[in-house]
Amino acid sequence: MGNKDEIVNYCEMMCATHDDVKVFTFGIGDGCDADLVKRAAKAGRGSDSIIGDGNSKELKVKVINALRKASDPAL
């Protein structure tokens, strides 16, 4: 809410000062802040995933995909 920009700026700063840092974000539930989830991932050179309410199978798939991406070396 009030500190969205602070969170996004922190993700950006961490990635700017640490080449091996990536931020992968997950928004879980229909009420998640999709804007924050997307902006933080973009700032953190990672990816975002939004998972709807009651969709645990989709959550598992997206977490596994994020782990695969996280293990790839940063270019």
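Predicted model, so just to flag it, every value in this text is computed and none were measured.
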J.: List the residues meeting side-chain hydrogen bond (donor to acceptor under 3.5 Å, both in side chains) with Asp35, not counting sequence neighbours, and say none if there are none.
T.: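 So Asp35 forms a side-chain hydrogen bond (donor to acceptor under 3.5 Å, both in side chains) with Lys4.
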J.: Which atom pairs, donor and acceptor, lie under 3.5 Å between side-chain atoms of residues 58-68 and protein residues at least two apart or in another chain?
T.:
unit_1, atom_1, unit_2, atom_2, d
Glu58, OE1, Asn55, ND2, 2.7
Glu58, OE2, Lys62, NZ, 3.2
Lys62, NZ, Ile50, O, 3.4
Asn65, ND2, Val61, O, 3.4

J.: Donor-acceptor pair, Arg45 side chain versus Asp19 backbone, under 3.5 Å?
T.: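 Yes, because the side chain of Arg45 sits within donor-acceptor range (under 3.5 Å) of the backbone of Asp19.
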J.: Search all heavy atoms of Thr25 against all heavy atoms of Ala41 and return the closest pair with its distance.
T.: OG1-CB, 3.4 Å
J.: Rounded to the nearest 0.5 Å, how far apart are OG of Ser49 and CZ of Phe24?
T.: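 Spacing of OG (Ser49) from CZ (Phe24) equals 9.5 Å.
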J.: Do Phe26 and Ile51 have side-chain heavy atoms sitting under 4.5 Å apart?
T.: yes
J.: In terms of side-chain geometry, is the basic nitrogen of Asp48 or Lys42 positioned less than 4.0 Å from the acidic oxygen of its partner?
T.: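 Judged by the 4.0 Å cut-off on N to carboxylate O distance, Asp48 and Lys42 do not form a salt bridge.
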J.: Go through the structure and list residues passing side-chain contact (heavy atoms from CB on, under 4.5 Å) with Met14, not counting sequence neighbours.
T.: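 If we apply the side-chain contact (heavy atoms from CB on, under 4.5 Å) test to Met14, skipping adjacent residues, the hits are Tyr10, His18, Val21.
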J.: Do Asp33 side-chain atoms and Leu36 backbone N/O form a donor-acceptor pair below 3.5 Å?
T.: yes
J.: Is any side-chain heavy atom of Ile7 closer than 4.5 Å to one of Arg39?
T.: no
J.: Share the residues that join Val23 in a hydrophobic cluster, the rule being Ile, Leu, Val, Met, Phe, Trp or Tyr side chains under 4.5 Å apart at the heavy-atom level.
T.: none
J.: Quick check: does any side chain N or O of Asp53 sit under 3.5 Å from a backbone N or O of Asp30, one acting as donor and the other as acceptor?
T.: yes
